[in-house]
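Here the structure comes first, spelled out in structure tokens, and everything after it is commentary.
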Amino acid sequence: MNLILLGMPGAGKGTQAEIIQKDFDIANISTGAMMREVSRSEGELAEKVQTYLSSGTLVPNDIIVEMLVQRIGQDDCRKGFLLDGFPRNLDQGKALDSANVSIDLVLYLSISEDEIINRMSGRRVHLSSGRSYHVIHNPPQKEGFDDITGEALIQREDDAPEVIKKRLDVYFSETEPLLDFYRNKNLKFIEIDASKSLDEVTESIRQSISN
Ligand code: AP5
């Protein structure tokens, strides 16, 4: 089972990806996490990537596509994989086709812009693992600290209000056209109401994958 999670920034893709990965034992590939890791390394590429992340714009395709295609070729993807954050524009969608990467299911987490602002402003993350919490909807056991490592949680710099706005603009202009791109393909495309509670969204996803 190879699947893609599509949805606005903050729709809950990363949160659900972690659950699906465990439930279905497939590789969880987040290009956002990959890029944050690159940005924490040293050198020219790290600096370049960091400027895109902090401005809320997309990292150019020539940096990200090859990295992603290589990642999909790794052993842990043989049983299946889940793409969280890729593709992000039509060229990336076409690049998957050109690389003969077959996709069985696209899950579109649909949600309103108002709810997105609430989710991203309350998000707290554990930097090294990428685990994501919400101060109200999905709080850690101890406020401000990761449940597994006990390390401090941070607010992502791209969750600042002006960057959230930019990320949403980028979503509407570049990523949203992928919805029709996949609706018109010969694969399963399912829209999930992502405004529901975390458990309800998980249940809808489980059913969509199992049916
Ligand atoms: P990326 O990390 O992919 O960010 P994103 O798509 O903007 O998505 P987010 O991680 O912000 O949100 P999410 O949908 O995962 O929501 P989450 O589960 O955390 O990308 C970051 C950057 O990297 C991009 O801007 C770009 O620069 C670059 N990049 C990445 N991929 C790229 C690509 N392919 N090409 C070019 N550039 C790329 O949930 C959000 C909050 O809501 C959390 O607090 C969570 O606890 C809470 N929550 C989740 N579900 C629920 C629920 N059901 N009810 C209530 N609260 C909930």
Side-chain angles (χ1 to χ4, degrees), residues 4-21 28-40 48-69 71-72 82-96 107-112 114-127 129-140 146-147 153-160 163-172 174-176 178 192-205:
I4 291 177
L5 278 184
L6 282 179
M8 278 189 213
K13 302 182 296 296
T15 304
Q16 296 297 338
E18 214 184 306
I19 300 169
I20 300 171
Q21 171 186 28
N28 172 6
I29 303 175
S30 157
T31 44
M34 281 165 77
M35 290 304 107
R36 281 185 286 279
E37 202 179 324
V38 169
S39 78
R40 289 198 296 273
K48 200 170 167 190
V49 166
Q50 177 56 29
T51 58
Y52 294 106
L53 294 182
S54 54
S55 64
T57 51
L58 295 183
V59 175
N61 291 349
D62 61 343
I63 296 180
I64 206 156
V65 170
E66 201 188 322
M67 244 184 240
L68 190 273
V69 171
R71 176 66 189 88
I72 288 175
L82 174 167
L83 298 181
D84 161 14
F86 193 99
R88 213 51 166 244
N89 56 31
L90 286 173
D91 284 341
Q92 293 183 7
K94 289 174 191 164
L96 278 184
L107 292 172
Y108 165 44
L109 302 191
S110 112
I111 192 166
S112 73
D114 285 350
E115 180 59 19
I116 287 297
I117 311 279
N118 162 25
R119 288 196 183 176
M120 288 206 270
S121 49
R123 171 163 53 189
R124 299 293 180 271
V125 294
H126 177 240
L127 193 61
S129 70
R131 264 185 296 282
S132 173
Y133 300 85
H134 189 280
V135 286
I136 296 166
H137 306 301
N138 183 24
D146 179 47
D147 288 349
L153 302 177
I154 58 145
Q155 221 173 341
R156 265 170 52 175
E157 67 174 341
D158 60 351
D159 281 345
V163 189
I164 292 178
K165 187 180 175 312
K166 180 66 194 171
R167 289 164 66 200
L168 286 171
D169 290 346
V170 170
Y171 172 81
F172 290 120
E174 301 208 36
T175 310
E176 208 176 47
L178 282 167
I192 306 270
D193 181 356
S195 64
K196 293 193 171 160
S197 74
L198 213 150
D199 289 345
E200 286 172 308
V201 176
T202 303
E203 195 42 43
S204 303
I205 291 179

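We count ligands from 1, going down the list as the structure has it; atoms in each ligand are counted the same way. Excluded from the calculations below are hydrogen atoms, water molecules and symmetry mates; all remaining heavy atoms, backbone and side chain alike, are included.
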*For atom 35 (N) of ligand 1, what's the nearest protein heavy atom and its distance?*
Gln92 NE2, 2.9 Å

_Protein contact of atom 48 (N) of ligand 1 - nearest heavy atom, named by residue and atom, plus distance_ = Arg119 CD, 4.0 Å

*Taking the minimum heavy-atom distance to atom 9 (P) of ligand 1, which of Met120, Lys13, Arg123 ranks first?*
Arg123

*Thr31 side-chain N/O to Gly85 backbone N/O, donor-acceptor pair under 3.5 Å*: yes

_Contact check: Val201 vs ligand 1, nitrogen or oxygen atoms, below 3.5 angstrom_ = no

*Within-cut-off N or O pair, Glu115 and ligand 1, under 3.5 Å*: no

_Under 4.0 Å, heavy-atom basis, I'd like to know which part of Ala17 is in contact with ligand 1: side chain, backbone, both or neither._
neither

_Can you check which of Met8, Arg167, Arg88 brings a heavy atom nearest to atom 6 (O) of ligand 1?_
Arg88

*Among protein heavy atoms, which lies nearest atom 28 (C) of ligand 1, and at what distance?*
Leu53 CD2, 3.7 Å

*Could you name the option among Ile64, Leu68, Asp193 that has the heavy atom nearest to atom 38 (C) of ligand 1?*
Ile64

*Judged by modelled atom types alone, do Glu157 and Gln50 share a side-chain donor-acceptor pair under 3.5 Å?*
yes

*Is any side-chain heavy atom of Val170 less than 4.5 Å from a side-chain heavy atom of Arg88?*
no

*Quick one: which of Val59, Asp159, Leu83 has a heavy atom closest to atom 37 (N) of ligand 1?*
Val59

*Please state which protein non-hydrogen atom is closest to atom 31 (N) of ligand 1 and give its distance, to 0.1 Å?*
Thr31 OG1, 2.8 Å

*Give the residue, atom name and distance (to 0.1 Å) of the protein heavy atom nearest atom 56 (N) of ligand 1.*
His137 CB, 3.3 Å

*Report yes if some heavy atom in the side chain of Ile63 is under 4.5 Å from a heavy atom in the side chain of Val38; otherwise report no.*
no

*Is the shortest N/O to N/O distance between Gly85 and ligand 1 below 3.5 Å?*
yes

*Where is the nearest protein heavy atom to atom 45 (C) of ligand 1: which residue, which atom, and how far?*
Thr15 OG1, 3.7 Å

*Can you name the salt bridge (charged side-chain N to carboxylate O under 4.0 Å, His left out) partners of Lys165, sequence neighbours left out?*
Asp169

*Do any nitrogen or oxygen atoms of Arg36 come within less than 3.5 Å of a nitrogen or oxygen of ligand 1?*
yes

_Distance under 4.0 Å to a non-hydrogen atom of Ser197: what atoms of ligand 1 satisfy this?_
53 (N)

*Rounded to the nearest 0.5 Å, what's the gap from NE2 on His137 to CG on Asn118? Could you check?*
4.0 Å

_So is Arg156 touching ligand 1 or not, going by heavy atoms under 4.0 Å?_
yes

*For atom 26 (C) of ligand 1, find the nearest protein heavy atom and state the residue, atom name and distance (0.1 Å precision).*
Thr57 O, 3.6 Å

*Would you mind checking which non-hydrogen protein atom is closest to atom 44 (O) of ligand 1, with the distance to 0.1 Å?*
Tyr133 O, 2.7 Å

*Counting only heavy atoms not in Gln155, do more than 12 sit closer than 6.0 Å to its CD atom?*
yes

*Judging by distance only, is a nitrogen or oxygen of Met35 under 3.5 angstrom from one on ligand 1?*
no

*Indicate yes or no: does Asp159 engage Arg167 in a salt bridge with an N to O separation below 4.0 Å.*
yes

*With a 4.5 Å limit on heavy-atom distance, are the side chains of Ile29 and Met34 in contact?*
yes

*Looking only at N/O atoms, are Ser132 and ligand 1 under 3.5 Å apart anywhere?*
yes

*May I ask you to check whether over 12 heavy atoms, not counting those of Glu37, lie within 6.0 Å of atom CD?*
no

_Please report whether ligand 1 has a polar contact with Leu198, defined as an N or O pair separated by less than 3.5 Å (distance criterion only)._
yes

*Taking both backbone and side-chain atoms of Ala11, is any N or O found less than 3.5 Å from an N or O belonging to ligand 1?*
yes

